[in-house]
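Structure first, then comments.
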There are 2 protein chains.
Amino acid sequence: MATAGHKNPERSLTEKLNTVGFRFTPQRQQVYDVILQKRDHPTAEEVFIRAKRHMPDISHATVYNCLDALVKCGLVRQVQLQRGASRYCPNMEEHCHYYCDSCGRVFDVQLQKDSTSMPRPKGFHVDHYDIAAHGRCAACSAKPID
Amino acid sequence: MATAGHKNPERSLTEKLNTVGFRFTPQRQQVYDVILQKRDHPTAEEVFIRAKRHMPDISHATVYNCLDALVKCGLVRQVQLQRGASRYCPNMEEHCHYYCDSCGRVFDVQLQKDSTSMPRPKGFHVDHYDIAAHGRCAACSAKPID
DNA sequence: GTCAAGATTTAGAATTATTCTAAATCCAAA
DNA sequence: TTTGGATTTAGAATAATTCTAAATCTTGAC
């Protein structure tokens, strides 16, 4: 069944995990599947509940471990939108999260490199933008990676 | 001593609080002072410790209350950079937070409207940008404010 | 194949961050 | 002055995450 050009998402997960020295595990697959299935920016708790439906023995700690592994190998983004739980997002393209402070819904909007204005979800009223760059400062870039 | 053109930060705090129906209190003043004094994006816990030095009876709950009041009246921003505690920032101009994932330091960079490229702290190596818009979605805009 | 080392998972405890509660205090307006 | 609502307080409660130690699972060396 090893047909060329056949989509093999499991192989890609394994490869991505391997690039940062992690092993493939069924739990990591399950957590990744959950995040891919319903792209509503779930919290770790929501991922846990959904994963548990197919894998009843999965534990809380494992979900955190899997999410961290997926974030570290570049398959998932961790997003901090409000006080409280982090959310997780499998969209790795450059995009902006429109967050409704009233109902908590999140709308993804792809960024357009060549456009000067930011598109926004129809009817969304923006209060302010939060822009953060993640990386390593000059001092830490000089040190070995911990 | 009511000289025209004299800086009166306390008056501005009172006015700002009043615009959203909050009262001026010494605790709110103290918390705001702490945030203005050392602009290192402290967490609520750090604000609590610093405020306690000058106002030993201030409580944890009050610090959270004061921070929320300052955020609601537009004097302070709440920023979420990692999993865990929120941080607070008195810089209300459009700016970007460069966050070092290794040591946790935060560098403010003002945004330049007319420039196409983003300036960055010397030597900072960016891994990725997080962009979030806060506001109200179409459905919630139609409802009365809660 | 077999074994040892190290990675991963698990349940549950521990910690951290935040919110809630109820009583006390303060303040503004009638 | 009194009264109602806003605010503060200590401490309890809850939520989110991390830690711990034992069990299990790979992987690679033999």
Side-chain angles (χ1 to χ4, degrees), chain A residues 10 13-34 41-52 54-73 76 78-88 101 104 146, chain B residues 10 13-34 41-52 54-73 76 78-88 101 104 146:
Chain A
E10 185 173 315
L13 171 58
T14 303
E15 278 169 9
K16 280 284 196 174
L17 285 167
N18 288 346
T19 58
V20 275
F22 290 128
R23 291 184 185 161
F24 170 89
T25 72
Q27 287 85 350
R28 286 173 180 164
Q29 176 76 69
Q30 178 61 55
V31 164
Y32 190 39
D33 285 352
V34 161
H41 303 79
T43 62
E45 180 64 22
E46 286 162 342
V47 172
F48 173 66
I49 291 166
R50 294 177 198 174
K52 226 172 154 58
H54 298 98
M55 194 177 262
D57 286 343
I58 198 169
S59 77
H60 234 135
T62 298
V63 169
Y64 278 99
N65 168 343
C66 293
L67 289 170
D68 284 351
L70 293 169
V71 168
K72 288 209 183 100
C73 75
V76 166
Q78 181 181 317
V79 287
Q80 304 288 144
L81 292 166
Q82 15 68 288
R83 219 138 63 177
S86 292
R87 291 151 173 272
Y88 297 87
D101 291 304
D146 40 0
Chain B
E10 184 173 314
L13 171 58
T14 304
E15 278 168 8
K16 280 285 198 173
L17 286 167
N18 288 345
T19 57
V20 274
F22 290 128
R23 291 186 186 160
F24 170 88
T25 71
Q27 287 84 350
R28 285 173 181 165
Q29 176 76 69
Q30 177 62 56
V31 165
Y32 190 38
D33 285 351
V34 161
H41 304 78
T43 62
E45 180 64 22
E46 287 161 342
V47 172
F48 173 64
I49 290 165
R50 293 176 199 176
K52 226 172 156 55
H54 297 99
M55 195 178 260
D57 286 345
I58 199 168
S59 78
H60 234 133
T62 298
V63 169
Y64 278 99
N65 167 343
C66 293
L67 289 170
D68 284 351
L70 293 170
V71 168
K72 287 207 182 102
C73 75
V76 166
Q78 182 181 315
V79 287
Q80 304 287 145
L81 293 167
Q82 15 66 288
R83 220 140 61 175
S86 291
R87 291 150 173 271
Y88 297 88
D101 291 305
D146 41 0

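Heavy atoms only: backbone and side chains are in, while hydrogens, waters and symmetry mates are out. The sequence lines fix the lettering, A, B, ..., with proteins before strands; numbering per chain opens at 1.
The CG-P distance, from B:L67 to D:dT8, rounds to 12 Å in whole Å. Protein atom CG of A:D57 is 15 Å distant from nucleotide atom C1' of D:dC25, rounded to whole Å. Following rounding to the nearest Å, A:N18 (CG) and C:dT8 (P) show an atom-to-atom distance of 10 Å. D:dT18 atom C1' lies 13 Å from atom CD of A:Q78, rounded to whole Å. For A:Q30 and C:dT9, the CD to C1' distance is 15 Å, given to the nearest whole Å. In this structure, the CD1 atom of A:I49 is 12 Å from the P atom of D:dA15, given to the nearest Å. Atoms CG (A:L17) and C1' (C:dT8) sit 12 Å apart, rounded to a whole Å. Remark: P of C:dT8 and NZ of A:K72 are 10 Å apart, rounded to the nearest angstrom.
At the phosphate of C:dT10, OP1 or OP2 sits under 4.0 Å from a side-chain N or O atom of A:S59. For A:Q27 and D:dC25, the shortest distance from a side-chain N or O to OP1 or OP2 is not below 4.0 Å. Considering only side-chain N and O atoms, A:T25 lies nowhere under 4.0 angstrom from the phosphate OP1 or OP2 of D:dT26.
Side-chain atoms of A:Q80 come within 3.5 Å of backbone atoms of B:Q82 as a donor-acceptor pair (strictly under, hydrogens ignored).
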Can you give one letter per nucleotide of nucleotides 18-30 of chain C, 5' to 3': B if a protein heavy atom sits under 4.0 Å from the base, S if only from the sugar-phosphate, - if neither? BBB------S---
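For the ring pair (Phe, Tyr, Trp, His ring centres under 6.0 Å) test, no residue two or more places apart in sequence or in another chain qualifies with A:F22. With sequence neighbours excluded, the residues forming a side-chain hydrogen bond (donor to acceptor under 3.5 Å, both in side chains) with B:S59 are B:T62, listed by chain and number.
Contact check for A:Y64 versus B:R83: side-chain heavy atoms found under the 4.5 Å cut-off. Under the 4.5 Å side-chain criterion, counting only non-hydrogen atoms from C-beta, A:E46 is not in contact with A:V34.
With rounding to the nearest 0.5 angstrom, the NZ atom of A:K72 is 11.5 Å from the CG atom of A:L67.
Checking B:K52 against B:R28, the closest nucleotide of DNA chain D that is more toward the 5' end is the one next to B:R28.
Here the closest heavy-atom approach between residue A:A44 and residue A:V63 is recorded as O-CG1, 3.8 Å.
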